[in-house]
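Scroll down for the structure; my scribbles are underneath it.
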Amino acid sequence: MEARWRSSAKPVQAPKTTKTVSFEEVSGKASSSEALPLSLHLTNAVFFSLFFSVVYFLLSRWREKIRTSTPLHLVNLSEIVAIFAFIASFVYLLGFFGIDFVQSLILRPSTDLWNSEDEEENEALLRKEDARKIPCGQALDCSVTSAPIISAQKVVDEKLVKLTTEEDEEIIKAIVAGTTPSYSLESKLGDCKRAASIRREALGRITGKSLSGLPLDGFDYESILGQCCEMPIGYVQIPVGIAWPLLLNGKEYSVPMATTEGCLVASTNRGCKAIHLSGGASSVLLKDGMTRAPVVRFGTAKRAADLKFYLEDPENFETLAVVFNRSSRFARLQGIKCVIAGKNLYLRFTCSTGDAMGMNMVSKGVQNVLDFLQTDFPDMDVIGISGNFCSDKMPAAVNWIEGRGKSVVCEAIIKGDVVRKVLKTSVESLVELNMLKNLTGSAMAGALGGFNAHASNIVSAVYIATGQDPAQNIESSHCITMMEAVNEGNDLHISVTMPSIEVGTVGGGTQLASQSACLNLLGVKGASQESPGANSRRLATIVAGAVLAGELSLMSALAAGQLVKSHMKYNRLSKDVSKTSS
């Protein structure tokens, strides 16, 4: 637990002590013997007997009333006493045996429990430790300085660890034994960092595997609770490099790339340099619309066709758009495309989603429309809100042809001198290689949207750095790279066309501190206040520009025969980092 200190020029306020929370308080297993004058076994026996006795008595009486046609609400004194006895015994049994459930709902421990001790006791402890550990000598300034503060903080932290170790140990043993679920730690403890630490230790004991290389400290676990990750035990470190300056649409960008592949950032950076020296690149946003495609079933193919015709009728679009747009102030329905497979109908909704990537937004709008359609099509059976005609996180021709998310084309003309001096190759070699590799070679392989050298490398690196969904790299990396000699064969025209870049600048992982910082570096952090959706659209064009730079550099390395040499230089390390102490 961290202690906060003022600067050395001001009076030092000692950290607050930690109030320990017992395992009984955390797990909800309070001892009834502490609250009752009778012994635990005797108390349980009395209330068990009372509960079943009054239940039997009441059931007998009510059965007799039913047989004699007597109203059940007419009760005599003995029945009133039995009802009160039933309620009392039920409350006791629920409180004793169901206390885990009750406490998880209404007695969640607060983080304030850690900070409720008197500050004066801490200050006295701090001064005592300072006086004992730091002697005053001739050459030592006895005023409070940063060195004794650090020493005293360490002492206090060690004491706090000793105070909480026994309690944590009991919880860890309960998790290992299976009596306490690991997923409930955050709600029961009210401390996400402590929950992750306990879960981590329990996992190590259960599996017998060491997690020493997985960092735990230095991360805000509160920021991911209920949003980004469940049951955390630490976090993975991925280095972030910068490819810059990327001159795109007249503006320079520093592109953050999170990757563990050596040479990737360096290669993309070289591509950025070549583009910059040639006057920059330009990009055009062709389309912006997220999709969701539920699948519904009818009794006959004719009924499925009836709904298809209804949805694709322009006269009905305005009504459907009003229903759909109720889901969000940013969601705006753009169109519905339907396909039939027998008596099953797939409805591909497309809508704008502002600066959010938009999957949740479009799903809510689709649900509104499905509920609305049930009135006129009561025989419609909704099989699933997603029928894979969307298509999300998988290569699909519908995304390659129709687009999904942001559709972008980015181009640049690279001067012949830059090709020769910076890229170390020739225009003719690049054009020939692109035709035989990216076009013909990909066709021979039966590629679907993969007519490029390594677009997914750049997309993945930028996505991880900026908090996008890494799994959507699959369709977001759909790209065709084109190269052509221009200006009488002296210069190179290169372009990348990417029909389904799925990005957002709000929601999901974009709100985490590191990813938010990378978005801020690009100038697209959060939602655009001037024009909703402008930040996410700009991010999509930056992704395409970075892909353009990466394609240009890698293709040049291949044409010049430098790929193996470069990877041997930048992607190999003689030192065994696994033996390096952290």
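Being a predicted model, the structure only gives us computed values, none of them experimental.
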If you compare all heavy atoms of Ala301 against all heavy atoms of Gly342, which two are closest, and at what distance to 0.1 Å? CB-O, 3.4 Å

Nearest non-hydrogen partners of Thr259 and Glu261, listed with the distance: OG1-N, 3.0 Å

Salt-bridge criterion met for Glu186 and Arg199 (N-O under 4.0 Å): yes

Close side-chain approach of Phe372 and Val322, heavy atoms under 4.5 Å: no

Is the side chain of Asn535 donor-acceptor paired with the backbone N or O of Gly526 at a distance under 3.5 Å, no angle test? yes

Step-by-step ring-ring contact (aromatic ring centres under 6.0 Å, His included) determination, Tyr221 to Tyr235: CA-CA 10 Å; Tyr221 292 93; Tyr235 60 96; 7.0 Å; no

Carboxylate-amine/guanidinium proximity below 4.0 Å for Lys393 and Asp469: yes

To the nearest 0.5 Å, atom NZ of Lys308 lies from atom CZ of Phe298 at 13.0 Å

Flag, side chain of Lys287 to backbone of Glu402, donor-acceptor distance under 3.5 Å: yes

Rounded to the nearest 0.5 Å, the CD atom of Glu252 sits from the CG atom of Leu247 at a distance of 6.0 Å

Starting from the C-alpha separation in whole Å, work towards a yes-or-no answer on side-chain contact (heavy atoms from CB on, under 4.5 Å) for Val431 and Leu492. CA-CA 8 Å; Val431 172; Leu492 174 73; 3.9 Å; yes

May I ask you to decide if Ile275's main-chain N or O and Ser278's side chain share a donor-acceptor pair within less than 3.5 Å? no

Measure from the side-chain N and O atoms of Ser476 to the backbone N and O of Ile501, and report whether any donor-acceptor pair falls under 3.5 Å. no

List the atom of Ala485, the atom of Gly489, and the distance in Å for their closest heavy-atom pair. CB-CA, 3.9 Å

Got more than 12 heavy atoms from elsewhere within 6.0 Å of OH, Tyr346? no

CG of Leu448 to OG of Ser442, rounded to nearest 0.5 Å, is 11.0 Å

Test item: Asn269 and Trp244 side chains (from C-beta on) under 4.5 Å apart, heavy atoms: yes

Kindly give the heavy-atom pair with the smallest separation between Leu225 and Cys192, and that separation in Å. CD2-SG, 3.8 Å

Assess the residue pair Ser477 and Ser456 against the criterion (side-chain hydrogen bond (donor to acceptor under 3.5 Å, both in side chains)); give the C-alpha distance rounded to whole Å, side-chain angles, the decisive distance to 0.1 Å, and a yes or no. CA-CA 5 Å; Ser477 296; Ser456 62; 4.7 Å; no

Assess whether side-chain contact (heavy atoms from CB on, under 4.5 Å) is satisfied between Asn316 and Leu311, documenting all intermediate values. CA-CA 7 Å; Asn316 298 324; Leu311 293 174; over 6 Å; no

Heavy atoms, side chains only, cut-off 4.5 Å: are Gln227 and Ile224 in contact? no

Can you name the closest pair of heavy atoms from Ala274 and Leu423 and give their distance? CB-CD2, 4.0 Å

Results of side chain to side chain donor-acceptor pair (under 3.5 Å) for Ser363 - residues two or more places apart only: Arg292

Evaluate the side-chain proximity of Leu558 to Lys437: yes if any heavy-atom separation is below 4.5 Å, no if none is. yes

Heavy-atom count around Glu312 CD within 6.0 Å, excluding the residue itself: above 12? yes

What is the distance from atom SG of Cys518 to atom CE of Met257, rounded to the nearest 0.5 Å? 11.5 Å

How close do Leu320 and Ile336 get, counting heavy atoms only, and between which atoms? CD1-CD1, 3.9 Å

When you compare the side chain of Leu248 with that of Ser283, does any pair of heavy atoms fall below 4.5 Å? yes

Taking Ala396's backbone N and O only, do any of them form a donor-acceptor pair with Asn399's side chain (distance below 3.5 Å, no angle check)? no

Salt bridge (Lys or Arg N to Asp or Glu O under 4.0 Å) involving Arg326 - partner list, sequence neighbours excluded: none

Give a yes or no answer on whether the side chain of Asn325 reaches the backbone of Leu333 with a donor-acceptor pair at less than 3.5 Å. yes

Between Ile242 and Leu521, is any pair of side-chain heavy atoms under 4.5 Å apart? yes

What's the verdict on side-chain hydrogen bond (donor to acceptor under 3.5 Å, both in side chains) for Ser429 and Ser426, showing C-alpha distance, side-chain angles and the deciding distance? CA-CA 5 Å; Ser429 298; Ser426 64; 2.8 Å; yes

Side chain Asn487, main chain Asn490, donor-acceptor under 3.5 Å: no

Got a list of side-chain donor-acceptor pairs under 3.5 Å for residues 410-419, not counting sequence neighbours?
residue, atom, partner, partner atom, Å
Glu411, OE1, His493, NE2, 2.8
Asp417, OD1, Arg420, NH2, 2.3

Got more than 12 heavy atoms from elsewhere within 6.0 Å of CD, Glu432? no

Short question: side chain of Glu484, backbone of Ile494 - any donor-acceptor pair under 3.5 Å? no

List the residues meeting side chain to side chain donor-acceptor pair (under 3.5 Å) with Asn438, not counting sequence neighbours, and say none if there are none. Asn434

Restricting to side chain to side chain donor-acceptor pair (under 3.5 Å), what partner residues turn up for Ser184, sequence neighbours left out? none

Begin from the C-alpha positions of Leu307 and Asp376 and carry the test side-chain contact (heavy atoms from CB on, under 4.5 Å) through to its verdict. CA-CA 9 Å; Leu307 178 56; Asp376 294 329; over 6 Å; no

Please determine if Arg404 and Glu502 form a salt bridge, counting it only when a charged side-chain N lies under 4.0 Å from a carboxylate O. yes

Before giving the answer on side-chain contact (heavy atoms from CB on, under 4.5 Å), spell out for Ser352 and Gln334 the whole-Å C-alpha distance, their side-chain angles and the decisive distance to 0.1 Å. CA-CA 7 Å; Ser352 59; Gln334 297 174 349; 3.6 Å; yes

Kindly write out the residues that satisfy side chain to side chain donor-acceptor pair (under 3.5 Å) with Ser460, not counting sequence neighbours, or none if the list is empty. Asn473

Taking the side chain as every heavy atom from C-beta outward, state whether Leu203 and Arg200 have any atom pair closer than 4.5 Å. no

Would you compute the distance between atom CD of Gln562 and atom SG of Cys263 and round it to the nearest 0.5 angstrom? 10.0 Å

Please report the interatomic distance CD1(Ile233) to CG(Leu216), rounded to the nearest 0.5 Å. 9.5 Å

Does a side-chain N-to-carboxylate-O contact under 4.0 Å join Lys193 and Asp220? no

Validation row: Thr466, Val503 side chains within 4.5 angstrom (heavy atoms): no

Pair Thr510, Gln515 - check side-chain hydrogen bond (donor to acceptor under 3.5 Å, both in side chains), show working. CA-CA 6 Å; Thr510 64; Gln515 289 81 346; over 6 Å; no

N/O donor-acceptor pair under 3.5 Å between Asp355 side chain and Val506 backbone: no

For a salt bridge (Lys or Arg N to Asp or Glu O under 4.0 Å) with Asp288, tell me which candidate from Arg537, Arg332, Arg538 qualifies. Arg537

Backbone N/O of Ala293 and side chain of Arg348: donor-acceptor pair under 3.5 Å: no

